[in-house]
Amino acid sequence: MEVFALSPPVPVFPSRHSSLSVAATTSLPAGARKNQRVIRVPASSGTDRYHISGSGASRSSQSSSLDVTKTDGKRNPATPVNSSRQDAVAEVIQSPDWVSALSRLETKLQVQDLNIILRFFGKSKRWQDVSQLFNWMQEREMTNIASYSSFMKYMGESRNLIRALHVYSSIEDESTRNNVSICNSLLGCMLKDRKFESCIKMFNQMKENGLVPDLFTYSILLAGCAKVEHGYSQALELVEELESRGLHMDNVIYGTLLAICASHNLCEEAERFFQQMNAEGLSPNLFHYSSLLNAYSVDGDHKKADEIVKSMKSAGLVPNKVILTTLLKVYVRGGLLERSRELLIDLENLGYAEDEIPFCLVMDNLAKKGDVREAKICLNLCLHVAADGYSYSIMISAFCRNGQLKEAKELAREYETIYDKYDLVMLNTLLRAYCNAGEMENVMQMLRKMDALKISPDWNTFQILVKYFLKEKLYHLAYQTVEDMHSKGHQVGEELCSSLILELGKSGAPSEAFSVYNMLRYSKTTPRKSIHEKMLNILIGAKLFKNAYVVMKDNAEDISAPSLDKFAFSFMQAGNINMINDVVKALHRCGRKIDEEVLHIAISRYIARPEKEELLLHLLKWMPGQGYTLNSSSRDLLLKNSHLFGQRQLIAEILAQRNQG
DNA sequence: ATAGGGTTAG
């Protein structure tokens with residue numbers, strides 16, 4: 001179905017060309033826009049606030065990230081404000097050399113003042129200063145619960161879990177270590193670092209040591225559940241636990257639960273929690289509705305989605321950008337292209353399509369349905385809005401899937417000229433486009449870029465590269481890439497491995513071929529049977545008999561008789577003499593009748609090396625029991641050369657026994 | 001007086 005090509009000439013971007021005033025008038029303070037809870041400060045305490053800002057004039061309830069505000073409700077209004085402490089804090093914060101300012105003003109400052117400075121550094125993301133100041137405070141024992149709590153939080157933000165854990169374990173006072181705020185902030189810090197399992201372990205440990213968790217604790221832990229595989233069952237356990245402690249779930253905890261259901265594709269469970277929260281008298285907000293919609297989007301359940309939007313509206317809530325975007329996702333996944341087109345236009349008219357997200361939703365779906373042309377039209381619409389480049393990634397992948405290599409390559413180049421921005425997904429996408437199009441120089445450039453940006457390749461990257469190097473007959477490069485891939489713990493695809501083994505064999509790199517073969521053998525997937533025979537023939541051709549023997553011995557049932565015979569002949573002629581008997585026995589064990597000619601070669605090898613007499617005797621003694629006799633030429637050869645052997649008497653006896661039999 | 005949580009794109 002053509003959606004955009006035939007769409008009526010509706011003005012797609014009505015506000016875009018008019019003026020910039022729209023943007024100016026709709027710019028709200030970040031806090032208000034994001035629906036955050038704003039803590040209102042009573043007017044009377046206004047004079048008690050420390051307030052550092054560039055202009056010194058702004059005093060609004062919104063706080064920019066660099067504001068330092070403080071309220072102190074306990075202070076008696078009659079007491080004059082201790083301005084010298086305020087000034088000292090301001091001086092330290094504003095000083096280019098805060099360390100020396102701090103030591104100068106040390107006597108004037110109390111712990112809570114230092115905490116203000118600590119939070120200022122934290123909000124400014126000056127992690128080095130946060131760390132340094134905290135050390136300074138610890139050395140002077142000028143810390144309290146709040147200092148630790150704030151410090152942990154900033155260690156989480158700066159991704160320094162190690163330091164946070166170190167500081168936590170260095171807390172000597174037991175009641176401080178069990179303080180719920182400090183524990184909560186450390187647990188949050190661990191989740192920021194995606195250490196969910198360790199976080200739960202730590203939580204259990206803390207409880208054993210005497211922590212009494214509160215609603216915050218459960219809120220933090222539940223948030224972690226949304227991002228892990230078995231998060232839902234873990235979440236249920238936590239809910240049960242918090243209820244058994246007499247705590248009650250609030251609006252936000254329900255929001256988290258709904259998000260967990262949505263991310264684990266559990267619609268019915270989401271509905272149940274939704275009803276439960278209603279029954280408890282909590283009224284759902286936009287977050288709850290959007291999580292429900294998100295759950296419905298997985299299967300594109302537009303009926304339920306429409307219902308929920310209806311009831312949301314009748315509850316007096318106005319759908320926002322996220323709600324409508326999620327609804328778009330529902331329509332797109334549900335295959336309602338006409339309705340998704342209409343909704344996209346609504347989004348545009350409402351000013352909610354100022355970034356590429358809604359376009360990406362539609363585009364990806366069109367592309368995956370195979371309607372690449374429509375998707376491209378959608379990409380062109382995207383070009384008029386603030387785009388991050390995701391749209392390019394979708395479209396380039398679509399061209400690649402569709403075999404439109406030239407288009408993919410051109411779009412990749414276009415992306416690079418517009419954006420100088422790379423992440424792993426984008427690099428993989430571009431790499432695939434250049435590889436498919438055979439643009440070697442660009443491929444190498446992407447690899448250099450990846451290296452320079454210290455972005456480590458993932459399974460996709462390796463897979464793309466190995467395929468490409470194979471196609472370009474750069475077998476050694478392909479081999480090195482596979483080695484690299486293997487050493488990084490990635491499973492190498494069976495098909496690529498097999499063709500690489502063959503090519504390496506053909507191009508005179510049998511050892512490398514064998515190394516790839518071994519990766520395949522010890523990988524989780526069982527390789528197809530034919531690979532063993534191919535490997536065996538490569539090794540025989542390269543005279544790598546020892547390895548050939550290993551392959552033959554372990555996979556004889558998957559190797560054809562001619563190949564086994566070829567192996568037997570070749571090994572007897574040139575294989576390690578010490579292994580001749582083993583090879584003979586192994587071939588016999590797997591049901592091959594050893595050819596007389598093969599035995600003859602073996603015996604001539606032994607005659608040429610009389611010091612291997614023991615092995616010869618062993619073979620001669622073994623043969624009759626398995627039904628093998630020497631042919632006449634072998635016997636003649638032995639008799640003629642028996643003078644070479646110390647135990648010629650014994651050899652003669654064995655030959656004589658045979659004559660009788 | 002510190003800790004916290006939920007929604008959309010490759």
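Note that the structure is a prediction, hence the values are computed from the model and not measured. Lettering of chains follows the sequences in order, A, B, ..., and the numbering in each one begins at 1.
Screening residues 221-232 of chain A for side-chain hydrogen bond (donor to acceptor under 3.5 Å, both in side chains), with sequence neighbours left out, gives no hits. Contacts classified as salt bridge (Lys or Arg N to Asp or Glu O under 4.0 Å) and involving residues 269-279 of chain A (residues at least two apart or in different chains) are given here: A:Glu271-A:Lys304.
A sub-4.0 Å separation between OP1 or OP2 of B:dA9 and a side-chain N or O of A:Lys329 is present.
Regarding A:Leu211, its CG atom lies at a distance of 17 Å from the P atom of B:dA3, rounded to whole Å. In this structure, CG of A:Asp214 is placed 13 Å from P of B:dA3, rounded to the nearest angstrom. In this structure, A:Asp346 places its CG atom 21 Å from P of B:dT8, rounding to the nearest Å.
For A:Ser219 against B:dG5, a side-chain N or O and a base N or O form a donor-acceptor pair under 3.5 Å. Counting atom types as modelled, A:Asp388 pairs no side-chain N or O with a base atom of B:dG10 as donor and acceptor under 3.5 Å. Donor-acceptor pairing under 3.5 Å, judged by distance alone, is present between the side chain of A:Asp250 and the base of B:dG5.
By the criterion of a centre-to-centre distance under 5.5 Å and near-parallel planes under 30°, the ring of A:Tyr390 forms no stack with the base of B:dA9.
The aromatic rings of A:Phe134 and A:Tyr148 lie perpendicular to each other, with more than 60° between the two planes, well past the 30° mark.
Which of B:dA9, B:dA1, B:dT2 sits closest to the side chain of A:Glu356 comes down to B:dA9.
At a threshold of 4.0 angstrom between heavy atoms, the contacts of A:Ile220 are confined to the sugar-phosphate backbone, with no base atom among them.
Under a 3.5 Å cut-off, the side chain of A:His288 and the backbone N or O of A:Ser283 do not form any donor-acceptor pair.
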